[in-house]
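Below you'll find the structure, written out as structure tokens, and then a few comments.
Ligands are counted one by one from 1 in listed order, and the atoms in each one are counted from 1 as well. Only this structure's heavy atoms are used, side chains among them; waters, hydrogens and symmetry mates stay out. Throughout, residue positions are numbered sequentially from 1 according to the sequence presented.
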Amino acid sequence: MLCSLDYKRTVVIQSMYIFKQPGISGEAVSHQDNSFLFTDPPSCTGLWLALEDATITNGCLWAIPGSHKYGLKRRFIRDENGVHFNHPSPSYDHKDFVPLEVKAGSLVVIHGDLIHQSFENKSPNSRHALSLHVVDTNGHV
Ligand SMILES: O=C(O)CCC(=O)C(=O)O
């Protein structure tokens, strides 16, 4: 699948088992993965595998359709002053986001510039997912 996205030398640079337990889990604030997992040029893709059904009430992903076409808004950088963003947080309108409700076993492929987020799990059901982030190390630094 990554070959069809023209990846030449794929490296998994982050893997996260994300478990949102009923009623107690946190949210993921709106972000672009390329802000954190930056290559030059940007090449991050998120592979988000639903291990359980993800719904609005148990904290599914939300995304702004087409937002990946408008570039990276800011970078998370480390320098002599520590770690920080190079620009303030943009503000997004909640009504621009759409919920990505998916069944267990679904793979959500996330462009590195796609603006996405998720909310708390307010349901009595857990929401488990495996999230891998890959970059292309061929021709990217
Ligand atoms: O699973 C979530 O709630 C957030 C995951 C996410 O933002 C990511 O994998 O980039």
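Aromatic ring pairs are classed by plane angle as parallel below 30°, tilted from 30° to 60° and perpendicular above 60°; the pair His31 and Phe36 is perpendicular.
Legend: side chain to side chain donor-acceptor pair (under 3.5 Å) pairs involving residues 81-92, not counting sequence neighbours, sorted by first then second residue: Asp79-His84. Screening residues 54-77 for side chain to side chain donor-acceptor pair (under 3.5 Å) gives Thr55-Thr57, Thr55-Asn58 as the qualifying pairs, with residues at least two apart or on separate chains.
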In sequence, state the C-alpha distance, the side-chain angles, and the governing distance for Phe97 and Phe119, and then conclude on ring pair (Phe, Tyr, Trp, His ring centres under 6.0 Å). CA-CA 12 Å; Phe97 286 81; Phe119 297 102; 7.7 Å; no
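Under the salt bridge (Lys or Arg N to Asp or Glu O under 4.0 Å) criterion, Lys122 pairs with no residue at all, not counting sequence neighbours.
For ligand 1, the 4.0 Å heavy-atom shell takes in Met16, Ile18, Lys20, Ala28, His31, Asp33, Trp48, Leu61, His116, Ser118, Arg127, Ser131, His133, ordered by chain and residue number.
There is a side-chain donor-acceptor pair under 3.5 Å between Glu52 and Ser126.
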